[in-house]
Amino acid sequence: MQSGVKTLSAGGGASLCCLLLLWLIYSHLLREGQLAVGTCEIVMLNRDSSVPRRTIARQTARCACRRGQIAGTTRARPACVDARIVRSRQWCEMAPCLEGEVCSLLFNRSGWTCTKGSGRIKTVTVIYKT
């Protein structure tokens, strides 16, 4: 009985050591500039407020999406979304607007608008870069 407990303890210690090593390797890779699968980060954000009552913002995001997903927008933040949404240009299906805003497709499906009850309108157009 006692030898079984020692074997179990040794096996548990080896497993714990292995998990710790894997975690260290994973965290090192993340620090080296790799994103965790299913996450996005904003790489560049430019704002132009030269026109009164209008701000033009351009944002570039980098995503590490799962198979069948592509970079998109959810709740006004970069996110991985179903690739079918982007291919069909049904932008409002990815819930791009903030809580309390209403999403509407632009007439040519090049983007969407988020409208608040106060009349504030945010228009987003999609630019594809390869």
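FYI, side chains are in, hydrogens and waters are out, and symmetry mates aren't considered; it's all heavy atoms of this structure. These numbers were taken from a predicted model, which means no experiment stands behind them.
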**OP:** Answer whether the closest heavy-atom distance between the side chains of P78 and Q59 falls below 4.5 Å.
**Re:** yes
**OP:** Spell out, yes or no, whether V43 and V37 are grouped together once hydrophobic residues are joined by side-chain heavy atoms under 4.5 Å, including indirect joins.
**Re:** no
Original post:
Do the non-hydrogen side-chain atoms of T123 and W112 ever get within less than 4.5 Å of each other?
Top reply: no
**OP:** Start with the C-alpha gap between C80 and C65, add the side-chain angles, then the distance that decides, and say whether disulfide (SG to SG under 2.5 Å) holds.
**Re:** CA-CA 6 Å; C80 292; C65 299; 2.2 Å; yes
Original post:
What heavy-atom pair brings R89 and S110 nearest, and what distance separates the two atoms?
Top reply: NH1-CA, 4.1 Å
Original post:
Can you get from V126 to I70 by hopping between Ile, Leu, Val, Met, Phe, Trp and Tyr side chains that sit under 4.5 Å apart?
Top reply: yes
Original post:
Should the heavy atoms of other residues, nucleotides or ligands under 6.0 Å from CZ of R75 be counted, would the total exceed 12?
Top reply: yes
Subject >> Name of the residue among P96, C97, C92 meeting side chain to side chain contact (heavy atoms under 4.5 Å, CB included) with M94 >> reply: P96
Original post:
Is there a side-chain contact between D82 and E93 (heavy atoms, below 4.5 Å)?
Top reply: no
Original post:
Roughly how far, to the nearest 0.5 Å, is the CZ atom of R58 from the CG atom of L45?
Top reply: 11.5 Å
Subject >> Spacing of R54 atom CZ and I121 atom CD1 [to the nearest 0.5 Å] >> reply: 11.5 Å
Original post:
Roughly how far, to the nearest 0.5 Å, is SG of C114 from CD of E101?
Top reply: 5.0 Å
Original post:
Are L106 and V124 connected, step by step, through hydrophobic side chains (Ile, Leu, Val, Met, Phe, Trp, Tyr) whose heavy atoms are closer than 4.5 Å?
Top reply: no
Subject >> Nearest atoms (heavy-atom pairs only) where G38 meets R66 >> reply: CA-NH1, 3.5 Å
Original post:
Which atom names give the shortest non-hydrogen contact between V81 and G72, and what distance separates them?
Top reply: CG2-CA, 3.9 Å
Original post:
Backbone N or O of W91 within a donor-acceptor pair of the R109 side chain at under 3.5 Å?
Top reply: no
Original post:
Hey, what do you get for NZ (K116) to NZ (K122), rounding to the nearest 0.5 Å?
Top reply: 7.5 Å
